[in-house]
Amino acid sequence: MGGKSDIRLIDENGIRIDGRRRDEMRPVRIEAGVLKRADGSAYLEWGDNKVIAAVYGPREVHPKHLQETNRAIVQYYYAMAPFSVDDRKRPGPDRRSTEISKISAEALENVIFVEQFPRTTIDVYVTVLQASAGTRCAALTAASVAVADAGIPMRDLVAACAAGKVEDQVVLDLVKEEDNFGQADMPIAIVPKTGEIVLMQMDGHMTLDEIDEAMDMAIKACYDIYEIQKEALWKKYERLAEEEVV
Ligand code: CDP
């Protein structure tokens with residue numbers, strides 16, 4: 001959150017720098033089952049964000065001391081490709097990716113039937129190929145489709161979207177410039193079937209009323225994301241069925 005700037009992020013007609021209205025999400029496209037070697041995978045484009053997710057498991061835990069006797073552990077590896085941002089991103093984990101990985105693993109543990117697979121790990125690798133804000137939501141949305149694509153039992157998918165505050169207005173799904181120069185960014189992830197919130201963070205400041213409005217916007221958007229996620233999985237199974245017929 002860079003605070004005030006001379007750049008106008010929302011014009012007098014309420015139009016944002018990329019042409020969207022306040023409550024409009026960037027276009028989202030998801031394809032399930034894009035990698036042959038992974039047990040499950042998904043490719044996602046969310047505006048200028050491009051993300052690929054690969055899931056392996058349930059499989060043996062290494063090192064062994066990490067294993068849990070009564071459930072599977074979820075290990076989530078969020079990574080940004082060096083070429084995904086303007087300045088080259090130094091490869092390897094850093095504080096930000098460690099934090100994103102931790103909270104995303106916790107979000108997924110809420111929907112995976114981990115107790116069915118004691119002593120195993122479910123490894124989720126998400127690489128951001130191109131970043132333009134909202135990548136933790138994009139990554140978690142793709143990861144959730146990849147876990148389902150791996151055939152791992154889940155009680156539902158997890159859908160994520162951010163809302164925030166730009167030029168004193170609550171807006172949905174901030175783009176990079178809005179994230180850099182705006183006042184707040186609040187990523188949210190939900191379990192759509194129950195409406196439970198499994199991830200919520202905030203960078204910046206909003207009033208309680210603004211938080212309410214931002215939450216409503218983000219949650220509504222999560223339900224739109226959920227439809228796109230399910231559609232991607234349906235398409236994958238249709239493709240499989242067609243291949244079997246041939
Ligand atoms: O991506 P997300 O909004 O979940 O996380 P963030 O930490 O708020 O980062 C916002 C954006 O800053 C990212 O999506 C990237 O576009 C950019 N960024 C960057 O350019 N270089 C980094 N090392 C980290 C983030």
Side-chain angles (χ1 to χ4, degrees), residues 1-5 7 9 16-18 20 22-30 42-53 76-108 124-146 158-167 170-190 197-206 210-211 214-215 217-219 221-222 225 229:
M1 296 298 104
K4 293 276 174 209
S5 85
I7 305 171
L9 293 171
R16 296 156 65 181
I17 44 164
D18 61 357
R20 284 181 295 152
R22 233 158 47 81
D23 60 351
E24 236 179 289
M25 193 170 70
R26 289 173 284 182
V28 176
R29 189 177 80 78
I30 308 175
Y43 172 70
L44 173 148
E45 287 182 0
W46 184 319
D48 284 340
N49 288 320
K50 294 184 180 182
V51 170
I52 192 145
Y76 191 105
Y77 304 91
Y78 167 101
M80 282 184 137
F83 49 80
S84 65
V85 288
D86 287 340
D87 301 323
R88 177 179 178 274
K89 157 79 176 68
R90 204 163 156 257
D94 51 26
R95 281 176 60 142
R96 177 177 170 276
S97 63
T98 305
E99 170 215 313
I100 294 175
S101 299
K102 181 178 183 295
I103 52 158
S104 305
E106 287 168 3
L108 285 177
V124 182
Y125 298 89
V126 193
T127 301
V128 178
L129 304 171
Q130 189 170 285
S132 179
T135 60
R136 74 194 63 203
C137 292
L140 185 53
T141 296
S144 157
V145 172
V158 168
C161 188
K165 183 177 170 184
V166 170
E167 296 204 358
V170 174
V171 298
L172 182 66
D173 183 25
L174 279 67
V175 78
K176 191 166 143 261
E177 293 76 3
E178 294 174 326
D179 189 88
N180 287 352
F181 303 110
Q183 294 148 295
D185 185 29
M186 187 174 73
I188 286 183
I190 65 163
I197 293 176
V198 287
L199 181 151
M200 185 171 170
Q201 298 183 287
M202 186 156 83
D203 184 13
H205 298 282
M206 284 194 276
E210 287 165 348
I211 290 174
M215 275 182 75
M217 258 188 199
I219 289 170
C222 285
I225 293 283
Q229 289 175 303

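Whatever order the structure lists them in is the order used to number ligands and atoms, beginning at 1. Bear in mind the structure is a predicted one, so any value in this text is a computation, not a measurement.
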Task: K165/D185 salt bridge by N-O under 4.0 Å criterion - done: no
Task: Identity and distance of the protein heavy atom lying nearest atom 15 (C) of ligand 1 - done: A131 CB, 3.8 Å
Task: Atoms of ligand 1 close to T135 [distance to a heavy atom under 4.0 angstrom, numbered from 1] - done: 1 (O), 2 (P), 3 (O), 4 (O), 14 (O)
Task: Shortest protein heavy-atom distance from atom 14 (O) of ligand 1, along with the residue and atom involved - done: A133 N, 2.7 Å
Task: D48 with K176: basic N within carboxylate O range, under 4.0 Å - done: no
TODO: Before giving the answer on side chain to side chain contact (heavy atoms under 4.5 Å, CB included), spell out for F83 and Q130 the whole-Å C-alpha distance, their side-chain angles and the decisive distance to 0.1 Å.
DONE: CA-CA 7 Å; F83 49 80; Q130 189 170 285; over 6 Å; no
Task: Contact bool for atom 7 (O) of ligand 1 (protein heavy atom, d < 4.0 Å) - done: yes
Open item on the list: I need the nearest protein heavy-atom contact for atom 21 (N) of ligand 1: residue, atom name and distance, please.
Closed with: V85 CG1, 3.6 Å
Task: Residue and atom name of the nearest protein heavy atom (relative to atom 4 (O) of ligand 1), distance in Å to one decimal - done: R136 NE, 2.8 Å
- [ ] Indicate, as side chain, backbone, both or neither, the part of S132 found under 4.0 angstrom from ligand 1 when only non-hydrogen atoms are considered.
- [x] backbone
TODO: Just go through R96, K89, R90, Q130 and tell me whose heavy atom is the nearest to atom 9 (O) of ligand 1.
DONE: R96
Task: Pairing of E45 and R26 as salt bridge, 4.0 angstrom limit - done: no
Open item on the list: Any atom of ligand 1 sitting under 4.0 Å from a heavy atom of P187?
Closed with: no
- [ ] Please report which non-hydrogen protein atom sits nearest to atom 3 (O) of ligand 1, along with the residue it belongs to and the distance in Å to one decimal place.
- [x] G134 N, 2.8 Å
Task: Closest non-hydrogen atom pair between M25 and A221, with its separation - done: SD-CB, 3.9 Å
Open item on the list: Please find the pair of heavy atoms, one from A214 and one from A163, that lie closest to each other, and give the distance.
Closed with: O-CB, 3.4 Å
Open item on the list: Looking at ligand 1, would D179 count as a contact under a 4.0 Å heavy-atom criterion?
Closed with: yes
- [ ] Flag Y78 as yes when one of its N or O atoms lies below 3.5 Å from any N or O atom of ligand 1, and as no otherwise.
- [x] no
Task: T127 side chain to Y77 side chain, donor-acceptor N/O pair below 3.5 angstrom - done: no
Open item on the list: Could you check whether any side-chain heavy atom of P82 comes within less than 4.5 Å of a side-chain heavy atom of R90, counting everything from C-beta outward?
Closed with: no
